[in-house]
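Remarks on the structure that follows.
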Amino acid sequence: MATYCLTVARLQLALGHGARRLHVSAAYRAKANVAMSRFEPSSFINYEKLQSNVDIVRKRLNRPLTLSEKIVYGHLDDPHNQDIDRGRTYLRLRPDRVAMQDATAQMAMLQFISSGLPRVAVPSTIHCDHLIEAQIGGVKDLARAKEVNQEVYNFLSSAGAKYGVGFWKPGSGIIHQIILENYAYPGVMLIGTDSHTPNGGGLGSICIGVGGADAVDVMAGIPWELKCPKVIGVKLTGTLSGWTSPKDVILKVAGILTVKGGTGAIVEYHGPGVDSISCTGMATICNMGAEIGATTSVFPYNHRMRTYLEKTGRGQIAALADEYSDLLVPDEGCEYDQLIELNLDELKPHINGPFTPDLAHPVSNVGAVAEQNGWPLEVKVGLIGSCTNSSYEDMGRAASVAKQALDKGLKCKAQFTVTPGSEQIRATIERDGYSKILGDVGGVVLANACGPCIGQWDRRDVKKGEKNTIVTSFNRNFTARNDANPATHAFVTSPEIVTALAIAGTLNFNPETDFLTAPNGEKFKLDPPNGDELPAKDFDPGQDTYQHPPADGSGMKVDVSPQSNRLQLLEPFDKWGGKDLENLRVLIKVKGKCTTDHISAAGPWLKFRGHLDNISNNMLIGAVNSENDAVNKIKNHLTGEYGGVPDVARHYKANSVSWVVVGDDNYGEGSSREHAALEPRHLGGRAIIVKSFARIHETNLKKQGLLPLTFSNPSDYEKIRPDDKISIRGLETFTPGKVSTAGKNNLLTVKC
């Protein structure tokens, strides 16, 4: 056993200790008979203020600005004096609004309650989409969720009413689709407690996924800190056509940049090819930008966005965006830190996976690649929908493929599920006949919720450990993410390709060239999909599922029972004693990919997201231990016995033994869930030392008082053994930019 002394090289603690005005047309609200109050006038930006800030910054920097720079710098707290250097300095920003999904909103609201503030300072909303498990079908699953999660829904509803937060009830839809339909618009800055918040970039917004503590800062009226993003430009030329869809753009980009290639950067799409993509198609591309580690993604304002705004009742915003259109596109001559060029005329349909969203294959090749690698060719389940691909256009294109099969007497060989993105989408595709077509071909329409995309799927057609293949139009395909089965090979692609593969029942099918066989023996080929970008009629809003907070919620009561196993009021963590951290145990040295799903699993664990002690029982149970290649099996160096990671951590904490986690590259990739930072802090962790971090997780660790340290030399990871002890010294003199070394036999350097 060796004892290491690590003197931290650099530390930048992003610790955080006025919405603008624009009125919106009431026409859509009245026409749709929905709650007018969901469109708070205070949540809309003043383009004059944005323009003023941009002018100040452009004069200071004396150079053309990218679109993302305009929106980000336009929201600076102090544009006159803010130090701006892409990739280096930290910006203090004033986002326009906050959105939270129900799984992360629990902890965010518990933290806000702890602040003692009477009401949120910016418009904020809670969206109930994560706690609905897919079992039978939409209606029954929603009813069951309301019963099972009544305590949590009551807490979120009452907390929202007391503190001035809008509440979208279960069944309303997925947070990102609701934001696109109601709150996103060109030039707005929104932060959301979900990693796929960048979906709003399809409407020219800067929408960034964060942890709950960041959201609390903004709701408390404190400037929000963000490391000044670099900007990756993606120039699109040509035109999308045939089987190629917007999803293929991001599948291709993911293959180029990998899961960490966008870290610390905003991906900005531009070029003549942009105009061939619908607004919701642009949202799809921005949504899955989370899978390359990007801070967010954004498209420039164009006629597609204007049409979508008008169709969703926000024509006055579109008119103002037209007036300020120069503000909502990049300056001519602006420079990007990296430039990628894609010719949409040459882009082919793609499918990515398994086990990682950046393993890109043309659909034409995936069958052969699967055979070579021993991946199951039979498609067991095809799943369309999710926050990434559940728009009216997506459902229409999938239905056009299904209709061709039905006309020839064919149904899906695989099981097939359909997840509408919102109540508005569900009602509209039902009215326009898409739901019937998708049902007739074998589809089961699930609730307007995340469902199988986040592991909320009571799957029963295969046993755990049984090797199988599913194809989805989701965004993520990490091991065991969708169904808790590590042997499931999950592939992500467009809804129309999912539908075609579900009909064919095999990965070894290319709809551009291959034939299907009808029951009468006739061979036929599917025509390329088609679907209207937006409904010819107005959207059908469906049921009104929005609850606006009262003007004065001070009299409202928010109850959290001490006996609850779902909710727990937060207690302050122990304070740092002001001394160096000595002789920290290595709890686990993690081998390979370690996403937030590995650190704090979702699925059945979602029910404990409001109870820190209970949710901590899933800490790192999915991570691979480098010592034995086992999952959730580590050595307790106090007893000499092996046990689960949370159990050993609890034993160390009970015996006043602090510990660290050692990890690999891109540690904390994936979800924005801050539970992956809260749990190690709660169980006695002091630092996480890795080769590199994903952006959101690194920030979450800082917010919760854990040191996020990276090796100055990544190869130093190999020097650490599971039985080592580590000391972290020089805490009193942490300064940015300083690199220090320590140790004798095994020299290690780290930075933060």
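We number each residue from 1, following the sequence as shown.
- No side-chain donor from either of D358 and T258 sits under 3.5 Å from a side-chain acceptor of the other.
- For the pair F155/L110, a side-chain contact is recorded, criterion being any heavy-atom separation below 4.5 Å from C-beta on.
- There is no side-chain donor-acceptor pair under 3.5 Å between S672 and D194.
- Without hydrogens or angle criteria, D141 side chain to I136 main chain gives a donor-acceptor distance under 3.5 Å.
- Formation of a donor-acceptor pair under 3.5 Å by the Q568 side chain with backbone atoms of H611 is not found in this model.
- Of the N and O atoms on the side chains of R459 and N482, not one donor lies less than 3.5 Å from an acceptor on the other residue.
- A heavy-atom distance below 4.5 Å is found between the side chains of F573 and H682.
- Partner Q101 forms a side-chain hydrogen bond (donor to acceptor under 3.5 Å, both in side chains) with one of H127, H196, R609, H130 and no other, that one being H130.
- Between V462 and N485 the shortest side-chain heavy-atom distance falls below 4.5 Å.
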Between L156 and D102, does the side-chain contact (heavy atoms from CB on, under 4.5 Å) criterion hold? Intermediate values first, please. CA-CA 8 Å; L156 293 174; D102 50 356; 3.7 Å; yes

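- One N or O on the side chain of T284 and one on the backbone of T280 form a donor-acceptor pair closer than 3.5 Å.
- When only modelled atom types and interatomic distance are considered, N636 and H651 share a side-chain donor-acceptor pair under 3.5 Å.
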Show the numbers, then the answer: is there a side-chain contact (heavy atoms from CB on, under 4.5 Å) between L501 and V498? CA-CA 5 Å; L501 295 181; V498 171; 6.0 Å; no

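- A side-chain hydrogen bond (donor to acceptor under 3.5 Å, both in side chains) with K591 holds for exactly one of N628, D629, D664; it is D629.
- Remark: side-chain polar atoms of E378 are not paired, donor with acceptor, to backbone N or O of K380 under 3.5 angstrom.
- Between the side chains of N614 and N565, no donor-acceptor pair of N or O atoms lies under 3.5 Å.
- Note on ring orientation: taking the six-membered ring where Trp is involved, the planes of F693 and Y667 are perpendicular (angle over 60°, cut-offs 30° and 60°).
- Listed for the H176 side chain is no donor-acceptor partner under 3.5 Å among the backbone atoms of I174.
- Side-chain N or O atoms of Y652 include none that pairs as donor or acceptor with a backbone N or O of D647 at under 3.5 Å.
- E674 places a side-chain N or O within donor-acceptor distance of the main-chain N or O of G212, the cut-off being under 3.5 Å.
- With hydrogens and angles ignored, the 3.5 Å screen pairs a side-chain donor or acceptor of N477 with a backbone N or O of A490.
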Using salt bridge (charged side-chain N to carboxylate O under 4.0 Å, His left out), reason through K703 and D214 one step at a time and then give a plain yes or no. CA-CA 8 Å; K703 287 285 186 180; D214 273 339; 3.2 Å; yes

Verdict with reasoning, E669 to K593, per salt bridge (charged side-chain N to carboxylate O under 4.0 Å, His left out): CA-CA 8 Å; E669 164 193 351; K593 183 185 282 282; 3.1 Å; yes

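- Geometrically, K691 does not engage F711 in a cation-pi contact defined by less than 6.0 Å to the ring centre and at most 45° from the axis.
- Inter-residue side-chain proximity for V492 and L251 is flagged as met; some heavy-atom pair is nearer than 4.5 Å.
- Between I208 and T295 there is a side-chain heavy-atom pair separated by less than 4.5 Å.
- Between the side chains of S692 and N666, not a single donor N or O lies within less than 3.5 Å of an accepting N or O.
- When only modelled atom types and interatomic distance are considered, R476 and S195 share a side-chain donor-acceptor pair under 3.5 Å.
- Looking only at side-chain heavy atoms (C-beta outward), F416 and L383 stay at 4.5 Å or farther from each other.
- Side chains of R673 and S671: a donor on one and an acceptor on the other come within 3.5 Å.
- Checking N352 against H361 by side-chain atom types alone, no donor-acceptor pair falls below 3.5 Å.
- Using a 4.0 Å cut-off between charged side-chain N and carboxylate O, R650 and D613 make a salt bridge.
- Remark: the backbone N or O of F474 is paired with a side-chain donor or acceptor of K247 at under 3.5 angstrom.
- Looking only at side-chain heavy atoms (C-beta outward), L683 and P680 stay at 4.5 Å or farther from each other.
- Judged by distance alone, the side chain of N475 and the main-chain N or O of T388 form no donor-acceptor pair under 3.5 Å.
- Between K589 and E627 no salt bridge is recorded (no basic side-chain N to carboxylate O distance below 4.0 Å).
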